[in-house]
2 protein chains.
Amino acid sequence: MSRVVRDSIQILQAQGYKVTKPRRQVLEVLEEVQRPLSPYDIQRLLRQEGKYLNHVTIYRILDLFCCLNLAHKVLSSGGFVKCSLEGKGGCHRLMVCRCCGALQEFASEGLCQEENELAQNSGFHTEYHLSESSGVCSDCYKKQ
Amino acid sequence: MSRVVRDSIQILQAQGYKVTKPRRQVLEVLEEVQRPLSPYDIQRLLRQEGKYLNHVTIYRILDLFCCLNLAHKVLSSGGFVKCSLEGKGGCHRLMVCRCCGALQEFASEGLCQEENELAQNSGFHTEYHLSESSGVCSDCYKKQ
DNA sequence: TCATAATTGCAATAATGTTGCATTTAACAT
DNA sequence: ATGTTAAATGCAACATTATTGCAATTATGA
């Protein structure tokens, strides 16, 4: 079991949620695959490993994970990914490679501040930042 | 007919697309409502005005509008909005009020540059920026 | 090992998307 | 004006995704 999965399990326990087989399985697929997965993607992948989860269960698990910041919904694709950055409050930034789908999460205090300021100039009080840059990752760029 | 709708119609014509009743109707709802609408939202709204469009038609119209940059898909909600900024290449930024749903599109060269630089530091070549800040708009903030 | 609340599975249904093909319509030439 | 034609729409059928209430199961702490 990977460190990230173990950490997530600890968070579940700490918050009083049960550590069930379905929850562990979803954590593990997300960690394994490292790309955005829809609820049904997850169901299909697990089924390939001979594991069956009802789709309703998966929906509920993903809801919970998002609430606990263990997973994020990737906006451009609608899929879910495991969170990789800790302690980032109110901010979620991704780079997505349009060739291979590779995904990199990053943080930037500078960007957050600038976004906040811009918003405040029009009287808007920002609580949460989402941003996704799409482009070509270094590997794919070399191959071109 | 609003200026924005008229402009959009001109773009359609200029690109060789027909200016049909369904396309005009979709443009007008989007312009009227000024918040993200799903295809079925649009169908429901039009039906309330006694106008009927098949949902398939609406899907196709929205696809076209997005290609021509006449509309955008708002990532966090999945709805579609009329584009309000001209000449912004490869960038789409929104502020969404979590109280009233009000929506403001904005642009920022500074943010784009910073995002590009951050990406390049990890070898990533950025082509398109999406960002959505959610929070409270000035009106709703006053009422609180 | 037992009790119990939380979690999962199931069934039914709703909502959203997609495809191929017949019909209609806007645009253009006459 | 009218006819022609390619483009656009509507329709039917279907596929996929999402939601709800309730019964069965299971992780947890005593």
Side-chain angles (χ1 to χ4, degrees), chain A residues 1 5-6 8-30 36-68 70-71 73-81, chain B residues 1 5-6 8-30 36-68 70-71 73-81:
Chain A
M1 192 194 299
V5 172
R6 203 189 314 272
S8 303
I9 286 177
Q10 285 214 338
I11 291 175
L12 279 177
Q13 279 176 327
Q15 311 264 349
Y17 293 97
K18 289 186 182 173
V19 178
T20 62
K21 198 153 69 167
R23 284 174 182 167
R24 268 199 308 266
Q25 290 175 339
V26 172
L27 278 174
E28 268 156 19
V29 212
L30 286 177
L37 298 175
S38 76
Y40 283 94
D41 286 342
I42 293 174
Q43 190 179 46
R44 280 184 283 268
L45 284 173
L46 285 174
R47 190 168 298 176
Q48 285 174 13
E49 307 176 19
K51 298 162 187 165
Y52 173 76
L53 285 191
N54 190 280
H55 69 277
V56 181
T57 302
I58 300 175
Y59 276 98
R60 295 194 272 228
I61 288 177
L62 290 171
D63 277 350
L64 176 66
F65 285 4
C66 285
C67 285
L68 298 180
L70 300 179
K73 187 168 189 173
V74 174
L75 298 176
S76 46
S77 68
F80 292 83
V81 281
Chain B
M1 191 195 299
V5 173
R6 204 189 315 271
S8 303
I9 287 177
Q10 284 215 338
I11 291 174
L12 279 177
Q13 279 177 328
Q15 312 265 348
Y17 294 98
K18 290 185 183 176
V19 178
T20 63
K21 199 154 68 169
R23 284 175 183 169
R24 267 198 310 265
Q25 290 175 337
V26 172
L27 278 175
E28 267 155 21
V29 213
L30 286 177
L37 298 175
S38 77
Y40 283 94
D41 286 341
I42 292 174
Q43 190 179 47
R44 281 184 281 270
L45 285 173
L46 285 174
R47 191 169 297 177
Q48 285 175 11
E49 307 176 19
K51 298 162 187 165
Y52 172 78
L53 286 190
N54 190 281
H55 69 277
V56 180
T57 302
I58 300 177
Y59 276 96
R60 295 194 271 226
I61 289 177
L62 290 171
D63 277 351
L64 176 65
F65 285 3
C66 285
C67 286
L68 297 180
L70 300 178
K73 187 168 191 172
V74 174
L75 298 177
S76 46
S77 68
F80 292 83
V81 282

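In the text below, chain A, chain B and the rest are named by the order of the sequence lines, each starting its count at 1. The structure presented is a predicted model; accordingly, all values stated were derived computationally and were not measured.
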Novice: Are the side chains of B/L62 and B/I42 in contact, using a 4.5 Å heavy-atom criterion?
Specialist: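 Touching, per the 4.5 Å side-chain cut-off.
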Novice: For the pair made of CZ in A/F65 and C1' in C/dT8, what is the distance, rounded to whole Å?
Specialist: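 It works out to 14 Å between those atoms.
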Novice: Given atom CG of B/L68 and atom P of D/dA8, what is their separation to the nearest angstrom?
Specialist: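 Spelled out: CG on B/L68 to P on D/dA8 is 10 Å.
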Novice: Nearest-nucleotide wise, let me know which of A/G16 and B/R44 is further upstream toward the 5' end of DNA chain C.
Specialist: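 Nearer the 5' end of the strand: A/G16.
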Novice: Round to a whole Å and report the spacing from CD1 of B/I42 to P of C/dG17.
Specialist: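 So the CD1-P distance, B/I42 to C/dG17, works out to 11 Å.
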Novice: So, do B/K51 and B/K21 sit near enough that their side-chain heavy atoms are less than 4.5 Å apart?
Specialist: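 When only atoms from C-beta onward are counted, B/K21 and B/K51 do not touch, as no gap falls below 4.5 Å.
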Novice: So, do A/L12 and A/L64 sit near enough that their side-chain heavy atoms are less than 4.5 Å apart?
Specialist: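 Yes; the side chains approach each other to less than 4.5 Å.
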Novice: Nearest to the side chain of A/Y59, heavy atoms from C-beta on, is which of C/dC10, C/dT16, D/dT17?
Specialist: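 Per side-chain heavy atoms of A/Y59, the pick is D/dT17.
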Novice: Round to the nearest Å and state the distance from B/Q10 atom CD to C/dA27 atom P.
Specialist: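 So the two atoms are 13 Å apart, to the nearest Å.
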Novice: Side chains of A/L45 and A/Q48, heavy atoms from C-beta outward: is any pair under 4.5 Å?
Specialist: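 Counting from C-beta outward, A/L45 and A/Q48 do come under 4.5 Å.
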Novice: Measure distances between side-chain N and O atoms of A/H55 and base N and O atoms of D/dT19, and say whether any donor-acceptor pair falls under 3.5 Å.
Specialist: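 Yes.
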Novice: Do B/L70 and B/L30 have side-chain heavy atoms sitting under 4.5 Å apart?
Specialist: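 Side-chain contact under 4.5 Å: no.
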Novice: Whole-Å distance between D/dT17 P and A/L37 CG?
Specialist: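 Taking CG of A/L37 and P of D/dT17, I get 12 Å after rounding.
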Novice: Is the ring pair A/Y59/A/Y40 parallel, tilted or perpendicular, if the boundaries are 30 and 60 degrees?
Specialist: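 If you compare the ring of A/Y59 with that of A/Y40, the planes turn out perpendicular.
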Novice: Between the base of C/dG17 and the side chain of B/R60, is there a donor and acceptor pair under 3.5 angstrom?
Specialist: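 No pair found.
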Novice: Taking only side-chain N and O atoms of B/Y52, does any of them lie within less than 4.0 angstrom of OP1 or OP2 on D/dC11?
Specialist: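 True: B/Y52 side-chain N/O within range (under 4.0 Å) of D/dC11 OP1/OP2.
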Novice: In this structure, how many angstroms lie between the P atom of C/dT7 and the CD1 atom of A/I58, rounded?
Specialist: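 Atom CD1 in A/I58 sits about 17 Å away from atom P in C/dT7.
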Novice: For the pair made of CG in A/L46 and P in C/dT8, what is the distance, rounded to whole Å?
Specialist: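 Between P of C/dT8 and CG of A/L46: 13 Å.
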Novice: What I'd like to find out is whether the side chain of A/V5 reaches to under 4.5 Å of the side chain of A/R24, using heavy atoms alone.
Specialist: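 A side-chain contact is absent here, since even the closest heavy-atom pair is not under 4.5 Å.
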Novice: Under 3.5 Å, is there any donor-acceptor pair linking the side chain of A/Y40 to the base of D/dA15?
Specialist: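 Absent.
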Novice: Would you mind reading off the distance between A/Q13 atom CD and D/dT28 atom P, rounded to a whole angstrom?
Specialist: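 Whole-Å distance recorded here is 6 Å.
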Novice: To the nearest 0.5 angstrom, please state how far the CD atom of B/Q15 sits from the CG atom of B/L68.
Specialist: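 One gets 5.5 Å once the value is rounded to the nearest 0.5 Å.
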Novice: Need the bend value for the helix from C/dT1-D/dA30 to C/dT30-D/dA1: angle between end axes, 5 pairs each end, nearest 10°.
Specialist: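 Angle reported: 40°, given to the nearest ten degrees.
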Novice: Could you list by number each residue of residues 17-29 of chain A showing a heavy-atom separation from DNA chain C of less than 4.0 Å, or answer none if no residue does?
Specialist: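 Contacting residues: A/Y17, A/K18, A/T20, A/P22, A/R23.
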Novice: Taking NZ, NE, NH1 and NH2 as the nitrogens, is one of them in A/R60 or A/D63 under 4.0 Å from a carboxylate oxygen of the other?
Specialist: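 Looking at A/R60 and A/D63, the cut-off is not met.
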